[in-house]
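Comments concern the structure below.
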Amino acid sequence: MVDARRAAVRSWLEANPQPTQADLGRAGYLTPHWPEPWGLGADAEHQLIIDDELAGVETRFPHSAIGLGWAGPTLLAGGSPEQRDRWLPGILDGSEMWCQLFSEPEAGSDLASLRLDAEPDGDDWVISGQKIWSTWANESDWGILLARTSRGATKYDGISYFCLDMSSPGIEIRKIIEMTGGNHFNETFFNEVRVPGDCLIGQEGDGWRLAKVTLGAERLSLSEGGVLWGMGPTAEECLAHLQTGTLHNSAWTDPVERQRFSSVANDSEIIRLLSLRMLEMAVSGDTAHAQAFASIRKCLADVFGQDVLSLVKDRRGAEGMLGTQDEQTEHTDVWHWGYLFSRALTIGGGTSEVQRNIIGERLLGLPREPS
Ligand SMILES: Cc1cc2nc3c(=O)[nH]c(=O)nc-3n(C[C@H](O)[C@H](O)[C@H](O)COP(=O)(O)OP(=O)(O)OC[C@H]3O[C@@H](n4cnc5c(N)ncnc54)[C@H](O)[C@@H]3O)c2cc1C
């Protein structure tokens, strides 16, 4: 007899053969681990069943990653019931796009050094300063924002967490054109931007605790799908591509290239197994270990993404040098775009060096690095 939970997903899929993000969100299948009414409060086994049954549904991994993967978990951890009611429906149905406004020119790895200023004024906060590397800020309706609302004894004190309406007067967004030719992230300037008091998440000064919720969720989220943080080709597609067509014709006679290929194949399997282990920890509620494992996985997977795309590039020989990119044609040659974008993997979402610090301190119990 088919498990009742499995049967429920199958009959829902029969009624919704091509579900949109909104359909999945309404049914609780986009984030089954979230509590009701936003998800299904699903335990580990239930989530795996749902994942299994929805394996062929493309909209399972929607574009609005920052809303679903970063903002949503933070609102669940620190938002008031009114704030959840305000923002979670638009995150789940994909009608509102989100960006993350954390990094500043002098505060990346050392995020707690951030200086963006938020001054109280009546019921509002008034924000002035700059953020950088704000992915999709130019397309977003809302942003999760860290600002300094007071100076405390340590740099971790006095940081507060806001949801910011990106259409607020005083926000200026300047595109950064990347070496892919595309525009993925931006500089964001704030000139006395007014933020209503009810957009403060948690208490004033609670921002560092909530930022850690966001960053933990971010590292877990960066693991699904393609080898470029979920974007681009999957590991299987990369390996298949290396074994077919023109890439294969010249045969793998060069011993160095053969070794590179087998390393890529090995690493792919190690990362797959590590991902399953991390998923098991996450769905069984062992969040602390899942997050530390996410750092191990990120270190390996980011270098893997770079290695496999470099190998494809090298195998293409002279043709590989001809790939062109511009803003309009981004993604037209996924291998060329992917090769260029893969350089960012070991920087964004916390650099590889910072991940290693996390592994050393949280998993291996090494002394904390001096602050
Ligand atoms: C594609 C992409 C998208 C991004 N999207 C966003 C976004 O949407 N929102 C956002 O807020 N930010 C975003 N970022 C920014 C990202 O979080 C930062 O780039 C990252 O945290 C590193 O900060 P930094 O660039 O200031 O480098 P720095 O912190 O200045 O680091 C410079 C170098 O020093 C090393 N280093 C620094 N501290 C240590 C240490 N303690 N121990 C050992 N080595 C160290 C780093 O590893 C690095 O090699 C994005 C970045 C990329 C690449």
Side-chain angles (χ1 to χ4, degrees), residues 63-71 74 97-116 127 129-148 155-156 159 161-164 166 171 173-190 207-208 210-212 214-219 221-222 226-232 295 298-299 301-303 305-306 309 330 337-362 366-371:
H63 179 55
S64 53
I66 295 181
L68 277 169
W70 298 208
T74 314
M97 177 89 175
W98 285 70
C99 64
Q100 179 193 33
L101 303 157
F102 281 18
S103 303
E104 296 180 8
E106 302 299 326
S109 301
D110 185 14
L111 183 59
S113 297
L114 64 91
R115 290 197 300 214
L116 185 87
I127 294 190
Q130 186 198 342
K131 294 286 176 183
I132 194 166
W133 316 125
S134 331
T135 302
W136 303 323
N138 49 341
E139 301 172 34
S140 290
D141 304 291
W142 289 91
I144 41 175
L145 172 102
L146 291 178
R148 192 161 287 287
K155 61 184 177 182
Y156 305 101
I159 296 175
Y161 199 112
F162 296 90
C163 286
L164 175 73
M166 293 301 288
I171 299 180
I173 297 171
R174 293 186 202 156
K175 288 182 179 184
I176 299 173
I177 302 298
E178 300 141 27
M179 70 178 180
T180 60
N183 161 237
H184 177 98
F185 44 38
N186 306 274
E187 290 180 289
T188 313
F189 296 87
F190 304 86
W208 189 246
L210 292 170
K212 286 197 284 185
T214 307
L215 296 174
E218 172 176 354
R219 280 165 201 153
S221 303
L222 289 176
V227 297
L228 304 163
W229 294 336
M231 299 178 284
S295 292
K298 187 174 184 320
C299 277
D302 291 349
V303 172
Q306 293 177 344
L309 285 152
E330 191 181 0
W337 173 81
Y339 170 76
L340 294 175
F341 186 82
S342 70
R343 304 298 110 186
L345 298 177
T346 46
I347 304 171
T351 68
S352 289
E353 290 78 12
V354 168
Q355 302 308 320
R356 288 192 191 99
N357 285 344
I358 294 172
I359 295 164
E361 290 171 15
R362 296 201 203 150
L366 298 179
R368 289 188 68 80
E369 76 161 328
S371 53

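Both backbone and side-chain heavy atoms feed into the values below; hydrogens, waters and symmetry mates do not. Each ligand, and each atom within it, is numbered from 1 in the order the structure gives.
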Could you work out, with side chain to side chain contact (heavy atoms under 4.5 Å, CB included) as the rule, every residue matching Leu366, not counting sequence neighbours? Leu364

Quick one: look up the protein heavy atom nearest [atom] and list residue, atom name and how far away it is.
{"atom": "atom 26 (O) of ligand 1", "answer": "Gly108 CA, 3.3 Å"}
{"atom": "atom 20 (C) of ligand 1", "answer": "Ile347 O, 3.6 Å"}
{"atom": "atom 39 (C) of ligand 1", "answer": "Val354 CG2, 4.4 Å"}
{"atom": "atom 18 (C) of ligand 1", "answer": "Ser103 OG, 4.1 Å"}
{"atom": "atom 51 (C) of ligand 1", "answer": "Gly348 CA, 3.6 Å"}
{"atom": "atom 13 (C) of ligand 1", "answer": "Trp133 O, 3.1 Å"}
{"atom": "atom 46 (C) of ligand 1", "answer": "Thr351 OG1, 3.5 Å"}
{"atom": "atom 2 (C) of ligand 1", "answer": "Phe185 CE2, 3.4 Å"}

Parallel, tilted or perpendicular: rings of Tyr161 and Phe102 (30°, 60°): perpendicular

Quick one: sort the Trp136 and His184 rings into parallel, tilted or perpendicular, breaks at 30° and 60°. tilted

Are [X] and [Y] close enough that some pair of their side-chain heavy atoms sits under 4.5 Å apart?
{"X": "Ile144", "Y": "Leu210", "result": "no"}
{"X": "Leu309", "Y": "Leu228", "result": "yes"}
{"X": "Ile176", "Y": "Trp133", "result": "yes"}

The test is side chain to side chain contact (heavy atoms under 4.5 Å, CB included); show your working for Cys299 and Arg356 and say whether it passes. CA-CA 8 Å; Cys299 277; Arg356 288 192 191 99; 4.0 Å; yes

Quick one: which ligand 1 atoms are inside 4.0 Å of a heavy atom on Phe102? 11 (O)

Show me which atoms of ligand 1 lie under 4.0 Å from any heavy atom of Thr135. 3 (C), 4 (C), 5 (N), 6 (C), 7 (C), 8 (O)

Atom 6 (C) of ligand 1 touched by protein (heavy atom, under 4.0 Å): yes

Heavy-atom distances under 4.0 Å decide this one: backbone, side chain, both or neither, for Asn357 against ligand 1? side chain

Look at ligand 1 and say whether Trp229 reaches it with a heavy atom at a distance under 4.0 Å. yes

Sequence-distant partners of Arg174, salt bridge (Lys or Arg N to Asp or Glu O under 4.0 Å), two or more places apart: Glu172

Could you work out, for atom 49 (O) of ligand 1, the closest of Gln100, Glu353, Glu369, Arg356 by heavy-atom distance? Glu353

Of Ser109, Ala107, Cys99, the residue with the heavy atom nearest atom 31 (O) of ligand 1 is Ser109

Between Gln306 and Thr346, is there a side-chain donor-acceptor contact under 3.5 Å, judged purely by atom types and distance? yes

Would you confirm whether Lys155, through its side chain, and Leu114, through its main-chain N or O, come within 3.5 Å as a donor-acceptor pair? no

